[in-house]
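Step one of this worksheet: look at the structure below.
The model shown is predicted, which means the values in this text are computed figures rather than measured ones.
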Amino acid sequence: MTSPAVLAGYRVIDCSIAMAGPFAAQRLGDLGADVIKVEPTTGEWQRHASAGGAVGNEINVSFLSLNRNKRSVALNLKNPEGTAALRELVRTADVFLQNYRPGVAARLGVDYESLKAINPSIVYVSISGYGEDGPYRDRPGQDLLVQAMSGAMLSAGRDGDEPSPAGQYLADAVTASTAFEGVLAALLHRERTGEGQLVTVNMLDAITTLQMQELSVFTVGGKPQQRSKEALAHVYIRAPYGIFRTTDGFVALAFAEPEKLGELIGEPGFAGWKAEVEGWTRRDDMHERIAAKLALEPSQHWLDLLGAAGMWVGPVYSYQDLVDDPQIAHNGTFVEYDHPTEGRVKTPGFPYKFSATPPAITRGAPLTGQHTREVLTEAGFDDAAIEAMLAAGAASDRML
């Protein structure tokens, strides 16, 4: 018999928008928390901003992917009754998560000190772009802008080429994981002491601290961040380390011993070369010679030949290749479920496994206000009060 989910019995009030906050709250929902998404009566911003133009039927894919395992309550927080309803929900909550612009939470009366007065044990998580205060307090915390500030774009590629951002919404995703970790740590502290607390997370710190090793090489080791003439995958790694073109695609190659690699690919010039010597001093030369040889055969030839010799070599995938990969299938990396308006949904699942309390999808992303009546009833509002709020525009609902 399966044990209750890890976070079963915990209630999370999710007042966040876009990606970082909703993704963090979704992770909590995947582990069994009752996540109540409080959104405007017109729906959260992400419902109206379709990444990749994937609009869906009634819920676009952006929102669908970040808001499973949540209930939606639609409240007008510019209406005093709507704000009062939110504060009432906080009384029975364990976690409150928001990424409002600086000053908005206090203006609405839902800042940490205000909610702590209602619920002293609340774990309050505030996500910002650059910090709660300081010179960049009011700058827009957007993924690409934060990536650009992180320094990471100048750790790969050719010297003189335009810096290239990551192929995923990296700053948002790392911030989401950081906020998720912060919630779990604060809840553990509360279990031990009964004390709630304020947890602040910002995107710039999250992506900076992610580069623990790289930045330490710079700050402690004093090594400059200098890109090479050839497109090495990272400035602080010896050659070979990068992506190489073949006759039908690309392969990735990392940390090969030059002399052994030379024997395999037919490059006699690597004779006597050492990884920790020429791998640094002749990086561009090594990369050029490897690129010339690997361009003569198809990818599978090199994957088989170099792989059999114990070289660190691998394919360069498209999303279709990734979805079709047998290891991905074996791991159960993607999950499928039926959504009432979007049909059969296939999406990435969970990055962790628990033997006794596995994560699960119990509901897909909700429609705006789908659970307004349900959640407000649980909070103690009677039918008449709920109808009055709906009539006054303080709340809205949407029934399936």
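Separation of atoms CG (Asp94) and CD (Glu191) is listed at 8.5 Å; rounding is to 0.5 Å. Taking CD of Gln46 as the start and CG of Asn67 as the end, the distance is 8.0 Å to the nearest 0.5 Å. Rounded to the nearest 0.5 angstrom, Asp284 CG and Arg158 CZ are separated by 9.5 Å. Within the model, atoms CG of Leu31 and OG1 of Thr357 stand 7.5 Å from one another, a figure rounded to the nearest 0.5 Å.
Heavy-atom neighbours of Glu276 CD from other residues, nucleotides or ligands within 6.0 Å: above the threshold of 12. Counting heavy-atom neighbours within 6.0 Å of Glu162 CD, excluding the residue itself, gives a total of 12 or less. Few gaps surround CZ on Arg344; more than 12 heavy atoms of other groups in view lie less than 6.0 Å from it. More than 12 heavy-atom neighbours from other residues, nucleotides or ligands sit within 6.0 angstrom of CG on Asp338. Shown here is Trp312, whose CH2 atom has no more than 12 heavy atoms of other residues, nucleotides or ligands within 6.0 Å. Heavy-atom contacts from other residues, nucleotides or ligands closer than 6.0 Å to NZ of Lys78 number 12 or fewer. For Tyr169, the OH atom sits in a loose shell: 12 or fewer heavy atoms of surrounding residues, nucleotides or ligands are nearer than 6.0 Å. For Phe218, the CZ atom is loosely surrounded, since the number of other residues' heavy atoms within 6.0 Å does not exceed 12.
When atom types are taken as modelled, the side chain of Asp248 and the backbone of Pro298 share no donor-acceptor pair closer than 3.5 angstrom. Judged purely by atom type and a 3.5 angstrom limit, His339 uses its side chain to pair as donor or acceptor with the backbone of Ala365. Looking only at distances, a side-chain donor or acceptor of Tyr236 sits under 3.5 Å from a matching main-chain atom of Lys223. A distance-only check finds no donor-acceptor pair linking the side chain of Asn119 to the backbone of Thr92 [under 3.5 Å]. Within the 3.5 Å criterion, the main-chain N or O of Pro140 finds a donor-acceptor partner in the side chain of Tyr130. Judged by distance alone, the side chain of Gln168 and the main-chain N or O of Leu170 form no donor-acceptor pair under 3.5 Å. A distance-only check finds no donor-acceptor pair linking the side chain of Arg363 to the backbone of Asn69 [under 3.5 Å]. For Ser150 (side chain) and Gln147 (main-chain N/O), a donor-acceptor pair under 3.5 Å exists by modelled atom type. Side-chain atoms of Glu342 come within 3.5 Å of backbone N or O of Glu58 as a donor-acceptor pair. No donor-acceptor pair under 3.5 Å is formed between the side chain of Ser114 and the backbone N or O of Val110.
Taking both residues in full, the closest heavy atoms of Ala49 and Ser62 are given as O-OG, 3.5 Å, listed atom of the first, atom of the second, then distance. The minimum heavy-atom distance between Ala179 and Ile127, with the atom names listed, is CB-CD1, 3.8 Å. The nearest pair of heavy atoms linking Met286 to Pro258 is CE-CG, 3.6 Å. Minimum interatomic distance between Leu77 and Gly82 (heavy atoms only, all atoms of both residues): CD2-O, 3.8 Å. The two atoms that bring Thr368 and Thr41 nearest to each other are CG2-O, 3.8 Å, heavy atoms only. Nearest heavy-atom pair, Val235 versus Arg283, reported as atom, atom and distance to 0.1 Å: O-NH1, 3.0 Å.
The hydrophobic cluster containing Leu367 also contains Leu64, counting ILVMFWY residues as joined when their side-chain heavy atoms lie under 4.5 angstrom apart, directly or transitively. Hydrophobic clustering, with ILVMFWY side chains joined whenever heavy atoms are under 4.5 angstrom apart, keeps Met203 apart from Leu144. A continuous path of ILVMFWY side-chain contacts below 4.5 Å connects Ile122 to Ile13, so both sit in one hydrophobic cluster. Hydrophobic clustering places Tyr136 together with Leu145 (ILVMFWY residues linked when any side-chain heavy atoms are closer than 4.5 Å, directly or through intermediates). Linking ILVMFWY side-chain heavy atoms closer than 4.5 Å, directly or via other members, places Leu86 and Val12 in two distinct hydrophobic clusters.
Inspection of the Asn202 and Ser128 side chains reveals no N or O donor paired with an N or O acceptor under 3.5 Å. Under the 3.5 Å distance criterion, with hydrogens and angles disregarded, no donor-acceptor pair is assigned to the side chains of Thr208 and Asp205. Gln327 and Asn331 share a side-chain donor-acceptor pair at under 3.5 Å.
Using the six-membered ring where Trp is involved, Tyr112 and Tyr124 have ring planes that are perpendicular, over 60° apart on the 30 and 60° scheme.
The shortest side-chain heavy-atom distance between Phe255 and Ile237 falls under the 4.5 Å cut-off. Within the 4.5 Å cutoff, the side chain of Gln226 has heavy atoms near those of the Asp159 side chain. Residues Tyr100 and Leu108 form a side-chain contact, since some pair of their non-hydrogen atoms from C-beta on lies under 4.5 Å apart. With a 4.5 Å cut-off on side-chain heavy atoms, Lys346 and Val323 count as touching. In this structure, the side chains of Ile207 and Met149 stay at 4.5 Å or more apart for every pair of heavy atoms. Residues Glu39 and Lys70 fail the side-chain proximity criterion, which asks for heavy atoms closer than 4.5 Å. Contact annotation: the side chain of Glu257 never approaches that of Phe270 to less than 4.5 Å [non-hydrogen atoms, C-beta and beyond].
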**Study point:** Phe334/Ile328 under side chain to side chain contact (heavy atoms under 4.5 Å, CB included): CA gap, chis, key distance, verdict
**Key:** CA-CA 8 Å; Phe334 286 81; Ile328 289 288; 3.6 Å; yes

Review point. Under the side chain to side chain contact (heavy atoms under 4.5 Å, CB included) criterion, do Glu214 and Gln225 qualify, and how do the steps go?
Key: CA-CA 9 Å; Glu214 299 95 316; Gln225 187 188 24; over 6 Å; no

Review point. Do Gln98 and Ser126 pass the side-chain hydrogen bond (donor to acceptor under 3.5 Å, both in side chains) test, and can you show the C-alpha distance, the side-chain angles, and the key distance before you say yes or no?
Key: CA-CA 5 Å; Gln98 58 89 353; Ser126 178; 3.2 Å; yes

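Salt bridge Arg227/Asp161: absent, no basic N to carboxylate O contact under 4.0 Å.
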Please tabulate, for side-chain N and O atoms in residues 372-379, each donor-acceptor pair with protein atoms closer than 3.5 Å (sequence neighbours left out).
{"unit_1": "Thr372", "atom_1": "OG1", "unit_2": "Ala74", "atom_2": "N", "d": "3.0"}
{"unit_1": "Thr372", "atom_1": "OG1", "unit_2": "Gly369", "atom_2": "O", "d": "3.2"}
{"unit_1": "Thr372", "atom_1": "OG1", "unit_2": "Ser396", "atom_2": "O", "d": "2.7"}
{"unit_1": "Arg373", "atom_1": "NE", "unit_2": "Asp397", "atom_2": "OD2", "d": "2.5"}
{"unit_1": "Arg373", "atom_1": "NH1", "unit_2": "Glu387", "atom_2": "OE2", "d": "2.6"}
{"unit_1": "Arg373", "atom_1": "NH2", "unit_2": "Glu387", "atom_2": "OE2", "d": "3.1"}
{"unit_1": "Arg373", "atom_1": "NH2", "unit_2": "Asp397", "atom_2": "OD2", "d": "3.4"}
{"unit_1": "Glu374", "atom_1": "OE2", "unit_2": "Arg71", "atom_2": "NH1", "d": "2.4"}
{"unit_1": "Thr377", "atom_1": "OG1", "unit_2": "Arg373", "atom_2": "O", "d": "2.7"}
{"unit_1": "Glu378", "atom_1": "OE1", "unit_2": "Arg11", "atom_2": "NH2", "d": "3.1"}
{"unit_1": "Glu378", "atom_1": "OE1", "unit_2": "Arg71", "atom_2": "NH1", "d": "3.3"}
{"unit_1": "Glu378", "atom_1": "OE1", "unit_2": "Arg71", "atom_2": "NH2", "d": "2.9"}
{"unit_1": "Glu378", "atom_1": "OE2", "unit_2": "Arg71", "atom_2": "NH1", "d": "2.9"}

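A cation-pi contact links Arg27 to Phe23, judged by a cut-off of 6.0 Å to the six-membered ring centre and 45° from its axis.
Taking Arg245 as the reference, nothing meets the salt bridge (charged side-chain N to carboxylate O under 4.0 Å, His left out) condition, with sequence neighbours excluded. Under the salt bridge (charged side-chain N to carboxylate O under 4.0 Å, His left out) criterion, Glu81 pairs with no residue at all, not counting sequence neighbours.
Checking each of Gln370, Glu44, His371 against Lys37 for a side-chain hydrogen bond (donor to acceptor under 3.5 Å, both in side chains) leaves exactly one that passes, namely Glu44.
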